[in-house]
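Notes to accompany the following structure.
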2 protein chains.
Amino acid sequence: MKKVDIFKKLRSSGLRPTKQRVEIAKFLFDRDTTFHFTIESLENHLTKKTTCKFALATIYNTVHAFKKAGHLSEVDVRGKKTYFDTNITNHHHFYDNETSELIDIDASEIVIQKIPKAPNGKKIKNVEVFINLKN
Amino acid sequence: MKKVDIFKKLRSSGLRPTKQRVEIAKFLFDRDTTFHFTIESLENHLTKKTTCKFALATIYNTVHAFKKAGHLSEVDVRGKKTYFDTNITNHHHFYDNETSELIDIDASEIVIQKIPKAPNGKKIKNVEVFINLKN
DNA sequence: TTTTTACTTTAGAATTATTATAAACTAGAA
DNA sequence: TTCTAGTTTATAATAATTCTAAAGTAAAAA
């Protein structure tokens, strides 16, 4: 992923490229592997590794705008904090309870042989597999 | 499930059978099908359908004691509220985003053919399948 | 380039779900 | 019946998140 894409991400999310937003986008999208984070972990990084100031609200707003635009997905993890994922493809997760770490599993790595059909007038939107790990 | 079990549930959770706890246990366990709830939905029912008073803390404490004793399980659902399930067997869920409703799927209804092996020194604790529904 | 306007950031307040606290109450043992 | 340990309760505290309104800034208009 190239740096130039960052501005595309911002534009397509309806966001002006301010200092803060560029730093957030750079950190989230200018990387090769997918990345899992919480607002808290993102804030820690930003305040440590960049020179500019970040209000929490700015981080929340920017992350939500990216999510709304489809550049980030949200992962359901037991607990209070919301986890986000830069991988927006259909995929699954390992979750390590000891370290609270998420690991992506490519959709092709899991094959489901049998699945119940959706109830009444409903359809299946997507299937998420969550594999809890232990030591 | 019979009413007599309720006292067993309470005892095995280390709880004295107070008015409030008996009502909660009766509502949760004296039923044929599994039940999904949040603390809020449980409180709504209890205040409407019973004569005794419930402090929120009592509901939280009782539900957590049941969970700790293994009489309730927790379900990961996107959102702020914690969902509980009276089905403590290994099973899966449909989730209807429109109605915020959970529906149990028996473990035997889903067969997984291919699954990645756990990373490094980790083992698979359990596999949860979450099927999102749409209209 | 300057002005203007609409969008942004920010600190702090508000909200929501949950947990902790400490005083008044109660079940069950003695 | 009395006593003691466990309970309920209202309220405060905490944690994550969202809201707000004033001060700041990017980009369009002049």
Heavy atom of residues 69-79 of chain A under 4.0 Å from DNA chain C: which residues? none

Strand contacts (DNA chain C) in residues 35-50 of chain B, 4.0 angstrom heavy-atom criterion: none

Can you tell me how far [atom2] of [N] sits from [atom1] of [X], to the nearest Å?
X     : N      : atom1 : atom2 : value
B:E23 : D:dT7  : CD    : P     : 17 Å
B:Y83 : C:dT18 : OH    : P     : 11 Å
A:K81 : C:dT18 : NZ    : C1'   : 14 Å
A:L10 : D:dT25 : CG    : C1'   : 16 Å

Output one letter per nucleotide in nucleotides 2-11 of chain C: B when a protein non-hydrogen atom lies under 4.0 Å from the base, S when only the sugar-phosphate is that close, - when neither is. -----BSSBB

[X] side-chain N/O to [N] phosphate OP1/OP2 under 4.0 Å:
X     : N      : answer
B:H64 : C:dT19 : yes
B:T82 : C:dA17 : no
A:K80 : D:dA15 : no
A:Y60 : D:dT18 : no

Any non-hydrogen side-chain atom of A:L28 less than 4.5 Å from a side-chain atom of A:K9? no

Tell me which pairs pass salt bridge (charged side-chain N to carboxylate O under 4.0 Å, His left out) where either residue lies in residues 59-72 of chain A, with sequence neighbours left out. A:K67-A:E74

Mind jotting down which residue pairs meet the salt bridge (charged side-chain N to carboxylate O under 4.0 Å, His left out) criterion with at least one end in residues 46-55 of chain A? Sequence neighbours excluded, please. none

Members sharing B:I110's hydrophobic cluster (side chains within less than 4.5 Å): A:F94, A:I103, A:I105, A:I110, A:I112, A:I115, A:I124, A:V127, A:V129, A:I131, A:L133, B:F94, B:I103, B:I105, B:I112, B:I115, B:I124, B:V127, B:V129, B:I131, B:L133

Rounded to the nearest 0.5 Å, the CG atom of B:N44 sits from the CZ atom of B:F54 at a distance of 12.5 Å

Those residues at least two apart in sequence (or on a different chain) that pass side-chain hydrogen bond (donor to acceptor under 3.5 Å, both in side chains) with A:T51 are none

Applying side-chain hydrogen bond (donor to acceptor under 3.5 Å, both in side chains), can you list everything that pairs with A:N135, at least two apart in sequence or on another chain? B:K122

For A:H36, ring-ring contact (aromatic ring centres under 6.0 Å, His included) partners two or more places apart: A:H93

B:F37: what forms a ring-ring contact (aromatic ring centres under 6.0 Å, His included) with it, not counting sequence neighbours? B:F35, B:F84

Under the side-chain contact (heavy atoms from CB on, under 4.5 Å) test, residues paired with B:T33 that sit two or more places apart: none

Please, which pairs that meet ring pair (Phe, Tyr, Trp, His ring centres under 6.0 Å) have at least one residue in residues 95-131 of chain B, sequence neighbours excluded? B:Y95-B:F130

